[in-house]
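Values below: all heavy atoms of this structure, side chains included; hydrogens, waters and symmetry mates excluded.
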Amino acid sequence: MRNVFAIIKKELYSYFFSPIIWVVFSVFLLIEGWMFFTLVGRFSAEYAYFMQQRAMNPSMGAMFNVNARIIAPLLGNTSVVLLLLMPTLTMRLLAEEHDNGTMELLLTRPVTVSQLVLGKYFASLIVLAMMLTCTMLYPLILSIYGTLDLGPVYSAYLVTFLVGASFLAFGLFASACTTSQIIAAIVGFGGNLFFWMISWASGAIGDEWRTVSKIIDHLSIPGHFENGIKGVFSSVDIIYYVSFVAFFLFMTHRVIDSTRWR
């Protein structure tokens with residue numbers, strides 16, 4: 001584990017002494033702040049209308065709460081922002097090593113391929129956690145000025161973190177497959193977008209291919225995201241994301257291992 005921590009420390013140092021990470025943080029926080037401001041404004045504008053509806057229809061008024069109207073849409077849109085930004089965090093992790101010719105040097109040191117992959121991945125995961133932690137100011141504000149159910153908030157943040165972790169795992173795999181950071185970013189974004197949009201194909205499949213449609217839905221990232229963002233999280237969703245991350249970390253390991261013996 002000492003080697004893994006050394007790689008994490010090195011990568012975090014490289015992250016925060018690079019202008020890219022500050023651009024990513026700035027863009028992320030600006031978009032998140034604008035979405036929060038917009039959602040709060042819409043919530044305030046609709047509040048009077050829903051209070052009237054609750055007087056006539058209590059069940060409809062009960063659906064009007066902070067979690068459903070602000071937190072769920074905010075973190076739902078956050079997953080799309082992560083889809084766009086996560087490849088920028090992973091594009092240099094391994095592609096840069098290939099491009100600079102330092103991959104061979106790394107692999108001749110007493111560092112295993114597994115330690116290299118885990119160190120690089122955990123460093124990007126820490127950055128993701130820091131980005132999401134910055135947005136926790138919004139639930140704090142809402143809890144001060146309104147009533148907030150913290151259970152669904154924890155669930156929504158957990159599933160958003162797992163979605164981001166999945167994007168990072170595929171992005172790291174893309175970075176291992178090329179020496180160009182630009183190509184790594186494009187492939188990482190394209191692959192993540194594919195797993196985001198794959199469920200769209202299930203709607204075009206007829207009833208005779210219902211099993212195929214279910215498999216496609218299961219492979220889709222949003223298919224395991226929607227329940228968690230509403231506060232309903234199951235072990236199936238956790239297993240999916242953990243399996244997704246493990247698979248692409250394994251594939252990254254195999255790509256690096258193949259270059260080691262080439």
Side-chain angles (χ1 to χ4, degrees), residues 24-55 57-86 89 121-169 192 196 220-245:
V24 171
F25 260 85
S26 300
V27 170
F28 177 76
L29 294 179
L30 282 173
I31 294 174
E32 291 295 301
W34 176 253
M35 289 193 300
F36 179 72
F37 173 79
T38 303
L39 289 168
V40 170
R42 187 178 68 179
F43 181 91
S44 301
E46 294 176 347
Y47 184 79
Y49 170 76
F50 272 89
M51 290 301 99
Q52 292 177 354
Q53 294 299 312
R54 191 167 79 170
N57 187 352
S59 62
M60 183 176 180
M63 295 189 308
F64 189 73
N65 59 74
V66 174
N67 291 81
R69 305 295 293 184
I70 298 179
I71 296 297
L74 175 66
L75 293 180
N77 292 329
T78 298
S79 63
V80 180
V81 179
L82 295 179
L83 169 66
L84 300 172
L85 295 181
M86 290 302 96
L89 296 182
Y121 179 69
F122 285 144
S124 64
L125 211 58
I126 290 171
V127 175
L128 169 63
M130 293 174 65
M131 292 170 66
L132 291 178
T133 300
C134 292
T135 67
M136 290 183 178
L137 174 65
Y138 306 137
L140 178 62
I141 294 173
L142 294 175
S143 65
I144 293 174
Y145 293 99
T147 302
L148 190 65
D149 187 359
L150 293 180
V153 174
Y154 296 146
S155 173
Y157 266 97
L158 175 59
V159 72
T160 304
F161 177 77
L162 290 175
V163 168
S166 300
F167 292 153
L168 290 174
N192 289 328
W196 187 268
S220 171
I221 288 179
H224 299 271
F225 176 77
E226 295 173 355
N227 289 332
I229 209 71
K230 298 174 182 176
V232 182
F233 211 77
S234 69
S235 58
V236 175
D237 300 324
I238 296 177
I239 292 172
Y240 167 80
Y241 289 117
V242 172
S243 300
F244 188 99
V245 169

Identify the two heavy atoms, one from [X] and one from [Y], that lie closest to each other, and give their separation to 0.1 Å.
| X | Y | result |
| --- | --- | --- |
| Ser166 | Asn192 | O-OD1, 4.2 Å |
| Leu128 | Ala165 | CD2-N, 3.5 Å |
| Ile71 | Pro139 | CD1-CG, 4.0 Å |
| Ile70 | Leu39 | O-CD1, 3.6 Å |
| Gly164 | Leu82 | CA-CD1, 4.1 Å |
| Pro73 | Arg42 | CG-NH2, 4.5 Å |

Is there a donor-acceptor contact under 3.5 Å linking the side chains of Thr135 and Tyr157?
yes

Side-chain heavy-atom pair [X], [Y] within 4.5 angstrom cut-off:
| X | Y | answer |
| --- | --- | --- |
| Trp196 | Val80 | yes |
| Leu29 | Met131 | no |
| Phe28 | Thr78 | yes |
| Val81 | Asn77 | no |
| Asp237 | Val159 | no |

Aromatic plane relationship, Tyr138 with Phe36 - under 30° parallel, 30 to 60° tilted, over 60° perpendicular
parallel

Measuring from atom [atom1] of [X] to atom [atom2] of [Y], what distance do you get when rounded to the nearest 0.5 angstrom?
| X | Y | atom1 | atom2 | value |
| --- | --- | --- | --- | --- |
| Leu162 | Phe244 | CG | CZ | 12.0 Å |
| Ser155 | Leu150 | OG | CG | 12.5 Å |
| Leu158 | Tyr154 | CG | OH | 12.5 Å |
| Met86 | Leu125 | CE | CG | 10.0 Å |

Any side-chain to backbone donor/acceptor pair from Tyr241 onto Ile221? Under 3.5 Å, distance only.
yes

Criterion side-chain contact (heavy atoms from CB on, under 4.5 Å) on Met136 and Val153, from CA distance to verdict:
CA-CA 10 Å; Met136 290 183 178; Val153 174; over 6 Å; no

Please report the C-alpha distance between Leu85 and Phe167 in whole Å, then the side-chain angles of each, then the deciding distance to 0.1 Å, and finally whether the side-chain contact (heavy atoms from CB on, under 4.5 Å) criterion is met.
CA-CA 9 Å; Leu85 295 181; Phe167 292 153; over 6 Å; no

